[in-house]
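Below is one structure; the comments refer to it alone.
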Amino acid sequence: MRSEERSGIVFIIMILLWGTLVTEPFHILAGYFYKGIYTAGTAVKLPPVIISVITVLLFTVCTVILQRLSKTEAVPFIPGIIAVLTLVAFIARTGYHLQVDVGRAAALIIPVVILAVLYLFRLRMILVWVAEAYIFSLPIALVTATLFEPIARLGETVRKILYITRYNEMDLITPFDGLAGIPGIAWGIVFSVLAALPVLYFATQKKKEGSVWIR
């Protein structure tokens with residue numbers, strides 16, 4: 001299967017599953033990234049609008065970097081590194097708050113164990129698919145927060161239909177609502193397009209196949 005076809009399949013699957021517990025590890029990853037940016041921004045007293053812009057930009061830049069790496073020999077290492085770093089962040093937060101979230105602990109430990117098995121048996125193809133899932137978690141989280149969340153606020157019925165927003169932890173559009181006389185949904189469309197552009201671009205680029213450490 002070509003890399004662009006795989007990317008499209010993974011992206012669609014992630015969109016469909018994003019509002020479910022199956023994608024909890026990816027929700028936690030995106031949530032931690034957002035909280036880190038938000039905490040840093042509030043610490044230096046940046047306006048909420050600026051924090052939202054920085055969040056969109058950093059999510060987009062990280063997506064571009066990861067998608068570039070996915071076209072190289074480094075792709076099998078992507079899920080392992082991200083999963084371990086997310087677990088480390090969870091442990092650090094647990095130590096700081098002195099409170100353990102058992103559900104989140106399980107959601108982060110299980111992927112690390114599964115990935116360890118995949119590395120042990122050198123199952124490259126599965127690792128490549130998992131890498132795509134981790135990469136797409138960032139733009140999907142961004143599109144959810146900037147596009148689907150503002151739409152879901154139109155009413156409870158709409159929110160139930162848009163189950164993709166169920167575990168959203170990011171509030172990026174509220175600071176923009178009414179800014180320059182433009183409604184939040186319009187701003188959300190602009191940001192969601194920005195988030196989708198690198199995904200669409202790299203998904204159509206063919207990967208140069210070569211020998212890798214794991215087959």
Side-chain angles (χ1 to χ4, degrees), residues 7-8 10-67 82 86 89-90 93 101 104 107 132-203:
S7 296
V10 173
F11 187 79
I12 292 172
I13 292 174
M14 288 289 287
I15 282 284
L16 294 175
L17 295 178
W18 191 248
T20 70
L21 285 175
V22 175
T23 53
E24 180 66 7
F26 307 108
H27 283 285
I28 297 173
L29 166 65
Y32 282 176
F33 192 20
Y34 166 69
K35 289 174 183 176
I37 298 170
Y38 183 82
T39 300
T42 53
V44 296
K45 299 181 179 179
L46 292 177
V49 170
I50 300 300
I51 295 177
S52 291
V53 170
I54 292 175
T55 300
V56 172
L57 291 176
L58 288 181
F59 266 69
T60 304
V61 169
C62 285
T63 298
V64 170
I65 293 173
L66 289 172
Q67 287 194 286
I82 295 178
T86 308
F90 170 79
R93 288 175 61 86
D101 187 324
R104 289 202 162 197
E132 298 274 12
Y134 272 99
I135 293 171
F136 287 138
S137 65
L138 295 181
I140 290 175
L142 193 56
V143 170
T144 299
T146 57
L147 179 61
F148 295 115
E149 178 60 30
I151 295 175
R153 292 176 184 176
L154 296 176
E156 286 303 314
T157 302
V158 178
R159 182 170 292 279
K160 289 179 181 178
I161 295 173
L162 294 177
Y163 66 92
I164 191 174
T165 63
R166 191 172 299 161
Y167 300 105
N168 175 58
E169 297 183 16
M170 302 192 294
D171 184 10
L172 300 177
I173 299 303
T174 298
F176 284 90
D177 198 11
L179 184 66
I182 301 174
I185 291 179
W187 286 106
I189 293 173
V190 173
F191 290 138
S192 62
V193 169
L194 176 61
L197 283 177
V199 175
L200 295 175
Y201 174 77
F202 284 101

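Position 1 is the first residue of the sequence; numbering continues from there.
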### Query
Quick one: are Phe136 and Gln67 in side-chain contact, heavy atoms under 4.5 Å?
yes
### Task
State, with a plain yes or no, whether a side-chain heavy atom of Phe59 is found less than 4.5 Å away from one of Thr55.
yes
### Query
Any side-chain heavy atom of Thr144 sitting closer than 4.5 Å to one from His27?
no
### Query
Any sub-3.5 Å donor-acceptor pair from Thr165's side-chain atoms to Leu162's backbone N or O?
yes
### Query
What distance do Thr86 atom OG1 and Ile28 atom CD1 have between them, rounded to the nearest 0.5 Å?
8.5 Å
### Task
Nearest 0.5 Å please: distance from the CG atom of Asn168 over to the CH2 atom of Trp18.
9.5 Å
### Task
Evaluate the side-chain contact (heavy atoms from CB on, under 4.5 Å) criterion for residues Tyr134 and Leu66: first the C-alpha distance (whole Å), next the side-chain angles of each, then the deciding distance (0.1 Å), finally the verdict.
CA-CA 9 Å; Tyr134 272 99; Leu66 289 172; over 6 Å; no
### Message
So that I can tick it off, tell me whether Glu156 and Lys160 are bridged by a salt bridge, with the cut-off set at under 4.0 angstrom between side-chain N and carboxylate O.
### Response
no
### Task
Answer yes or no: is there a donor N or O on one side and an acceptor on the other, between the side chain of Tyr163 and the main chain of Leu17, under 3.5 Å?
no
Kindly list each side-chain donor-acceptor pair under 3.5 angstrom involving residues 179-193, sequence neighbours excluded, with atom names and distances?
| from | atom 1 | to | atom 2 | distance (Å) |
| --- | --- | --- | --- | --- |
| Trp187 | NE1 | Phe176 | O | 3.3 |
| Trp187 | NE1 | Leu179 | O | 3.3 |
| Trp187 | NE1 | Ile182 | O | 3.4 |
| Ser192 | OG | Gly188 | O | 3.1 |
| Ser192 | OG | Ile189 | O | 2.8 |

### Message
Quick check for you: to the nearest 0.5 Å, what is the distance between Leu57 atom CG and Ser52 atom OG?
### Response
11.0 Å
Donor-acceptor pairs under 3.5 angstrom involving side-chain atoms of residues 29-39: please list them, not counting sequence neighbours.
| from | atom 1 | to | atom 2 | distance (Å) |
| --- | --- | --- | --- | --- |
| Lys35 | NZ | Glu169 | OE1 | 3.1 |
| Thr39 | OG1 | Lys35 | O | 2.7 |

### Task
Hey, could you give me the OG1/CG distance between Thr146 and Leu172, rounded to the nearest 0.5 Å?
7.0 Å
## Note on the structure
Residues passing the side-chain hydrogen bond (donor to acceptor under 3.5 Å, both in side chains) test with Thr42, sequence neighbours excluded, are none
### Query
Closest heavy-atom contact between Pro25 and Ala107?
CG-O, 3.1 Å
### Interatomic distance, Leu154 atom CG to Arg159 atom CZ [nearest 0.5 angstrom]
9.5 Å
### Task
Decide yes or no for Leu142 and Leu194: does some side-chain heavy atom of the first lie under 4.5 Å from some side-chain heavy atom of the second?
no
### Task
Please round to the nearest 0.5 Å and tell me the distance separating atom CZ of Arg166 and atom OG1 of Thr23.
10.0 Å
